[in-house]
Amino acid sequence: MELLSPAGSMDCLISAVQNGADAVYFGGGSFNARRYADNFEGDELTRAVDYCHERGVRCYITLNTLLFEREIPSALDFAAELYRIGADAVLVQDLGLASLLRRYLPELTLHASTQMGIHDLGGLQYCKRTGITRAVLAREVSLDMIEYLAKNGGIEIETFAHGALCMSFSGSCLYSSMAGERSGNRGTCAQPCRKRASVSGRPGRHDYCLSPNDICMLSELDKLKKAGVSCVKIEGRMKKPEYVATVTRCYRAALDGADARGIEKMRGELFELFNRGSFSTSHLYGDSVRTDREASSKPGRELVRLAENSVKNENRKTPISFELELAAGSEAKLTAQCKGNTVAVRGAEVQKAQKPQTEQGYIDRLSKLGDTPFVLNSCRVDMKADCYLSAADINALRRKACEKLMDSLHVRNLKPRFAYIKQAFTCREKHRKSVIYARVRTPEQANEAFASGADIVGISPVFFSSEELASFGRIGRDDNKLVLILPNILITNENIASAEAYLESGVFDGAELNNIGQTALMNALKSKAEPIFIAGIGLNALNAETVRELENNGFGYVLPSPELSAPQYAELSASCGSMLLPGVHGRVPVMQLLHCPVKEHGGCRLCKGEAGAVTDEEGRSFPLVNTRFSDHCLVRMLNCKITDLIDIIRKIPEPGGYSLSFIGEKEMSISERMNALYDALAGKEVMQLPDSTRGHWNRKVD
């Protein structure tokens, strides 16, 4: 099982390598989910890859952010450069970019970043179809599910073993984006979740209900390996070198067979190094997450000293073999071999010996490899006793061979030459008329939406039960369409089976899907002649290539990311006929929570759709809505303000449709807002909803 360590800087990379990492992951200056780390650019990026390869360590480069249209050519060029310098794999999130990389750079190994949200078999099947060879699973996946996915997914599985735990499902968090224009999906998260917040009103000094403790799987590595995990990953590209060194050292020792006593001692060291009150195993055995803790980072002198000492000498030694050929009157020749690579160098002319020489004397000289990443495994000397080569000449020959051998370990590929040309959008013509899509929670809301003129109504279940399904079957919709809204997370096979049963019931004409793995459920609607599939905002469509990829996977409508500004949306909508305008009305879901803060801090209330609210230190209230399954809830935190664009709708190029959401708005009059939309579309003056926001419409996200 591979140990993968983080590197936010060259010092961190050296710390990871020298303390036993099998692989490291790091980013360039752009297009990675930790843009505020030091990262690597230009020649330093090449030096970092070479440093690792000289020591037998693999390099995975992060290209795992969502991309705007203008960024795609640069991202492709950067990926081509990564291939040229020998990156062992590239991590990706953006579905459109992944598709393009497979088309333009088929030789480049792709891994699905945890930002892609892979957590079910359908997600792994999508990755395999796309040519992705490894998926970093969501941190919320249980051990039983990991084992099931490893056995049936057909690609490698990577899991997080240590470090920070995001409260929200990765790739589905818009909290930082909506709160301050810094997007976690684009590598600039401001971490507002780490600030004070409470589910019981304005937070007190010690209230941190959205700040979970770190995960520590030091004692669980054997179980993860048995489950079929190929790689365990340490989080921490924003951490200091001593953190990277210490965590890597401890996990290396645990993987190499440290006993229970040793593991307990190392766990204490890791807690001293950095903690948020306690460690957890996330959802490996059920929900072990705890919040309401401030971070503590006060490593003792001994830990810091150990970390500093770990990089003073070269600890990563690769076995090599030498063959020295000496013949008086000829140049000395030294052949070196390492990992299938063979190099030969020539040196000074061999002299006649004044006294007999021994092979062992030359072997002893050649074995002095110092701070090189090599250790002598075997050495053969072909000489006669009358041959002599000075110590200085032997040393020069050895250095020359080592340098050439290191060069041979540097991977250099021919940089692919291609010209990215943005294709005309031909995969789906514009729909004949713009549809009105209303998203609701209850049958009563659905009936009101249909009565108010909605063409499509999406319903997000509170429960997945036969009683609820029967109530949906009684919704009166005439010839209009009813679709099932699936949440971003169906974390167990039981959850997936419940969703599948709903889709197979005949009640629904289609589905809004919010995770790429849910495309595996499309067949559940095969009884419908023309089922409607809507790509929800959970699929993070930020550019035309992603829209194209979604359409090619069966989606007839696409709700693009609410992180698009007005000009960016207009550019996309002009060519993509499947686009629905999001945020016409409604609260944007800013977090997707498998851990319920209400349950932790006040006990389970058996919430029926409305689960209270989170209040931040500024007094803003973020409503919580939940979907109940048999063994857990999925809780969504909605934005503190409603996004409303109805009054400016005529300024927007006509899209494929308009989307309004009434989820979390129990008292909101659906008919009132629907009528306002129709008035605005007819050219009548409409006022913006009081105390609402434009979202990112007028403020571009970083």
Side-chain angles (χ1 to χ4, degrees), residues 4-18 21 23-55 57-94 97-98 100-101 104-105 107-111 113 115 136 182-190 233-241 243-245 311 406-407 409-418 420 542-543 701-702:
L4 177 59
S5 293
S9 67
M10 193 65 188
D11 287 341
C12 289
L13 182 140
I14 292 170
S15 295
V17 171
Q18 294 301 328
V24 293
Y25 66 102
F26 51 93
S30 303
F31 311 127
N32 80 88
R34 290 292 183 271
R35 279 166 56 193
Y36 294 130
D38 287 346
N39 293 310
F40 300 81
E41 294 189 74
D43 292 341
E44 188 183 33
L45 182 63
T46 304
R47 287 197 300 272
V49 173
D50 290 346
Y51 178 88
C52 291
H53 286 167
E54 289 165 6
R55 291 154 181 82
V57 175
R58 291 173 288 280
C59 298
Y60 305 144
I61 314 299
T62 55
L63 219 170
N64 59 340
T65 58
L66 300 180
L67 302 176
F68 293 132
E69 284 289 302
R70 59 178 172 79
E71 296 173 322
I72 287 177
S74 296
L76 285 173
D77 187 63
F78 180 55
E81 178 63 13
L82 294 178
Y83 174 73
R84 186 190 71 81
I85 66 174
D88 295 285
V90 168
L91 285 88
V92 292
Q93 174 190 10
D94 193 288
L97 177 64
L100 287 172
L101 289 175
Y104 288 113
L105 292 164
E107 302 88 356
L108 186 65
T109 300
L110 300 183
H111 292 177
S113 167
Q115 290 289 111
V136 186
R182 285 172 53 179
S183 169
N185 281 319
R186 291 184 41 78
T188 60
C189 182
K233 183 174 193 172
I234 297 167
E235 183 276 339
R237 283 197 286 141
M238 299 291 286
K239 294 292 199 303
K240 296 179 180 179
Y243 177 93
V244 176
V311 297
M406 281 197 286
D407 285 342
L409 296 173
H410 301 165
V411 179
R412 293 292 182 271
N413 298 310
L414 185 65
K415 187 173 182 178
R417 299 182 66 180
F418 58 81
Y420 168 68
L542 213 65
N543 56 68
V701 74
D702 187 10

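Both backbone and side-chain heavy atoms feed into the values below; hydrogens, waters and symmetry mates do not.
- Nearest heavy atoms, Pro241 versus Asp11: CG-CB, 3.7 Å.
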Candidate pair Arg412 and Asp50, rule salt bridge (charged side-chain N to carboxylate O under 4.0 Å, His left out), full reasoning: CA-CA 10 Å; Arg412 293 292 182 271; Asp50 290 346; 2.7 Å; yes

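- Note that Arg55 lies in the cation-pi zone of Tyr51, set by a 6.0 Å cut-off to the ring centre and a 45° limit from the axis.
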Derivation and outcome, salt bridge (charged side-chain N to carboxylate O under 4.0 Å, His left out), residues Lys415 and Asp77: CA-CA 10 Å; Lys415 187 173 182 178; Asp77 187 63; 3.5 Å; yes

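- Across all their heavy atoms, Thr62 and Gly27 have their closest contact at OG1-CA, 3.2 Å.
- Across all non-hydrogen atoms, the minimal contact from Leu67 to Ala75 is CD1-CB, 3.6 Å.
- Side-chain N/O atoms of Asn64 and His111 include no donor and acceptor closer than 3.5 Å.
- Note that CG of Leu82 and OG1 of Thr46 are 9.0 Å apart. Values are rounded to the nearest 0.5 Å.
- Salt-bridge formation is not detected for the pair Arg47/Glu44: no Lys NZ or Arg NE/NH1/NH2 atom is positioned less than 4.0 Å from an Asp or Glu carboxylate oxygen.
- Between the CG atom in Leu63 and the CZ atom in Phe78 there is a gap of 6.0 Å [rounded to 0.5 Å].
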Check step by step if side-chain contact (heavy atoms from CB on, under 4.5 Å) holds for Leu13 and Cys52. CA-CA 8 Å; Leu13 182 140; Cys52 291; 3.9 Å; yes

Under the criterion side-chain contact (heavy atoms from CB on, under 4.5 Å), I'd like the reasoning laid out for Met406 against His53: C-alpha separation, chi angles, the key distance, then a yes or no. CA-CA 9 Å; Met406 281 197 286; His53 286 167; over 6 Å; no

Do Leu542 and Arg186 pass the side-chain contact (heavy atoms from CB on, under 4.5 Å) test, and can you show the C-alpha distance, the side-chain angles, and the key distance before you say yes or no? CA-CA 11 Å; Leu542 213 65; Arg186 291 184 41 78; 4.2 Å; yes

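- When side chains are defined from C-beta on, Asn413 does not count as touching Glu107, because their heavy atoms never get closer than 4.5 Å.
- Expressed to the nearest 0.5 Å, how far CG of Leu108 lies from CG of Asp88 amounts to 10.5 Å.
- A distance of 11.5 Å separates CG in Asp43 from CD in Glu41, rounded to the nearest 0.5 Å.
- Taking both residues in full, the closest heavy atoms of Phe26 and Arg237 are given as CA-CD, 4.0 Å, listed atom of the first, atom of the second, then distance.
- Atom CE of Met238 is separated from atom SG of Cys189 by 10.0 Å, given to the nearest 0.5 angstrom.
- Interatomic distance, Thr65 OG1 to Gln115 CD, rounded to the nearest 0.5 Å: 9.0 Å.
- Between the side chain of Tyr83 and the backbone N or O of Leu414, no donor-acceptor pair lies under 3.5 Å.
- The shortest heavy-atom contact between Val57 and Val24 is CG1-N, 4.1 Å.
- Shown here for Ile85 and Val49, the closest heavy-atom pair between the two residues is O-CG1, 3.5 Å.
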